[in-house]
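The structure appears right after this line, and notes come after that.
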Amino acid sequence: MRLGPLAPRPGPSEDVATALTAAVAALGQRPAVTVLLPDARHEQGFASLAGWAAKGAHLLRDELDLGPGDVLGVDAPPSWPLAAVALAAWWAGVALGPVAPGRPAVLHEGRPDPGGEVLWLGDAVDGGPLSAPSRGEAWTSAAIPYPDRPPAPGAEPDLAAVIDGDGAVTTQRELLTAWREDAGVLGLRGGVERPSLPVIGALAGRPLVTGAATVVVADGVAADPVTAAERIVRWA
């Protein structure tokens, strides 16, 4: 459901917890992340995505014992549950990085299992895998029991938000300031082979700054009709 052609732009923030709180106050249930599959449309508004992020932040703290300065391995294509994972991690002060042995990880179903503590994402309606994992649990199933009210934030402007495969660090401040001159709806191609780390800022950080949705278009969905229907101003 569209709530109007123009959305207010949240005020500038330098850490993700402040930015997410401001975006929810300004935008409510306006779309933050939309995923278009060949046979389905999944959409999360700012408020509902923040609820998932709150649950995930509790999960990271209470079950995985992660906090400011820690790293969560991620290997998944762009999607709304990946956005929720990212926001949960950044709220807790946790960076997203490459999957490594012994490091807690969030993986898309079908990705190699590195051992250790693993939670799974997929294309089911609830954001979990379509098939039951042989080990571990769906991220959404693990997060659901936790409160919609987030824990005290561990976010800080100079904490790492993303660490890429070469070790380059993007801080929370850099993640947010990268989009301050941007505007309008952004399109992302969402094939399962697409690595998550290069696009995670566009997926989960950009909506908090611009007030505009990121639209993820899966393989098998034609881009041209989507561009017009979703009012995409450019593709990343």
Side-chain angles (χ1 to χ4, degrees), residues 1-36 41-54 56-57 74 76-91 95-96 150 153 155-162 164 170-190 194 196-218 221 223 226-236:
M1 180 176 67
R2 290 198 178 279
L3 302 182
L6 298 175
R9 191 180 183 97
S13 301
E14 294 197 332
D15 70 80
V16 171
T18 303
L20 181 57
T21 301
V24 171
L27 298 158
Q29 284 293 5
R30 287 180 181 270
V33 177
T34 300
V35 181
L36 302 178
R41 176 191 181 93
H42 300 165
E43 189 166 86
Q44 291 287 326
F46 285 90
S48 57
L49 194 60
W52 279 110
V74 174
S79 64
W80 75 258
L82 179 60
V85 170
L87 293 172
W90 298 334
W91 183 283
L96 303 184
E156 294 181 10
D158 294 325
L159 280 175
V162 176
D164 70 17
T170 301
T171 66
Q172 293 200 11
R173 178 188 284 111
E174 291 167 339
L175 181 89
L176 296 171
T177 57
W179 305 104
R180 284 187 181 168
E181 304 304 317
D182 212 3
V185 177
L186 181 73
L188 288 178
R189 298 300 310 195
R194 185 86 177 269
S196 59
L197 294 176
V199 300
I200 194 70
L203 174 71
R206 183 183 184 274
L208 305 184
V209 178
T210 64
T214 295
V215 177
V216 180
V217 180
V221 177
V226 169
T227 299
E230 301 296 328
R231 302 180 184 181
I232 293 172
V233 297
R234 67 181 180 87
W235 291 80

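In what follows, residues are counted from 1 in the order of the sequence shown.
In this structure, Thr214 and Ala202 approach most closely via the heavy-atom pair OG1-O, 2.8 Å. When all heavy atoms are compared, the tightest approach of Ala17 to Pro153 is CB-CB, 3.6 Å. Across Val162 and Trp90, no two heavy atoms sit closer than the pair CG2-CZ2, 3.9 Å. In terms of heavy-atom proximity, Leu176 sits nearest to Gly205 at CD2-O, 4.2 Å. Among all heavy-atom pairs drawn from Leu96 and Ala89, the shortest one is CD2-CB, 3.7 Å. For Pro31 against Phe46, the heavy-atom pair with the smallest separation is O-CE1, 3.4 Å.
Residue pairs meeting the salt bridge (charged side-chain N to carboxylate O under 4.0 Å, His left out) criterion with at least one member in residues 207-217, sequence neighbours excluded, do not occur. Pairs engaging residues 205-214 under the salt bridge (charged side-chain N to carboxylate O under 4.0 Å, His left out) rule: Asp182-Arg206 [sequence neighbours left out].
Glu174 pairs by the salt bridge (Lys or Arg N to Asp or Glu O under 4.0 Å) definition with nothing, not counting sequence neighbours. With sequence neighbours left out, the side-chain contact (heavy atoms from CB on, under 4.5 Å) criterion links Ala223 to Arg189, Trp235. Not counting sequence neighbours, the partners of Thr34 by the side-chain hydrogen bond (donor to acceptor under 3.5 Å, both in side chains) test are Glu43. Considering only residues two or more places apart in sequence or on other chains, Glu14 meets the side-chain contact (heavy atoms from CB on, under 4.5 Å) condition with Pro157, Arg173, Arg180. Residues that satisfy the side-chain hydrogen bond (donor to acceptor under 3.5 Å, both in side chains) test with Thr18, not counting sequence neighbours, are Asp15. By the side-chain contact (heavy atoms from CB on, under 4.5 Å) test, Ser48 pairs with Gln29, Gln44, sequence neighbours left out. With sequence neighbours left out, the side-chain contact (heavy atoms from CB on, under 4.5 Å) criterion links Pro78 to Leu188, Arg194, Val199, Leu203, Val216.
A distance of 11.0 Å separates CG in Leu27 from CZ in Arg9, rounded to the nearest 0.5 Å. Atom OG1 of Thr227 sits about 5.0 Å away from atom CD1 of Ile232, to the nearest 0.5 Å. If you take CD1 on Ile200 and CG on Leu175, they are separated by 9.0 Å, rounding to the nearest 0.5 Å.
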Donor-acceptor pairs under 3.5 Å, side chain of residues 79-88 to any protein atom, not counting sequence neighbours: which ones?
from: Ser79; atom 1: OG; to: Leu82; atom 2: N; distance (Å): 3.2

- Message: side chain to side chain contact (heavy atoms under 4.5 Å, CB included) for Leu36 and Glu230? Distances and angles first, verdict last.
- Response: CA-CA 10 Å; Leu36 302 178; Glu230 301 296 328; 4.2 Å; yes

- Query: Could you go step by step and tell me if Val35 and Arg41 meet the side chain to side chain contact (heavy atoms under 4.5 Å, CB included) rule?
  - Reply: CA-CA 6 Å; Val35 181; Arg41 176 191 181 93; over 6 Å; no

- Could you go through the side chain to side chain contact (heavy atoms under 4.5 Å, CB included) check for Val233 and Val185 one step at a time? CA-CA 6 Å; Val233 297; Val185 177; 5.6 Å; no

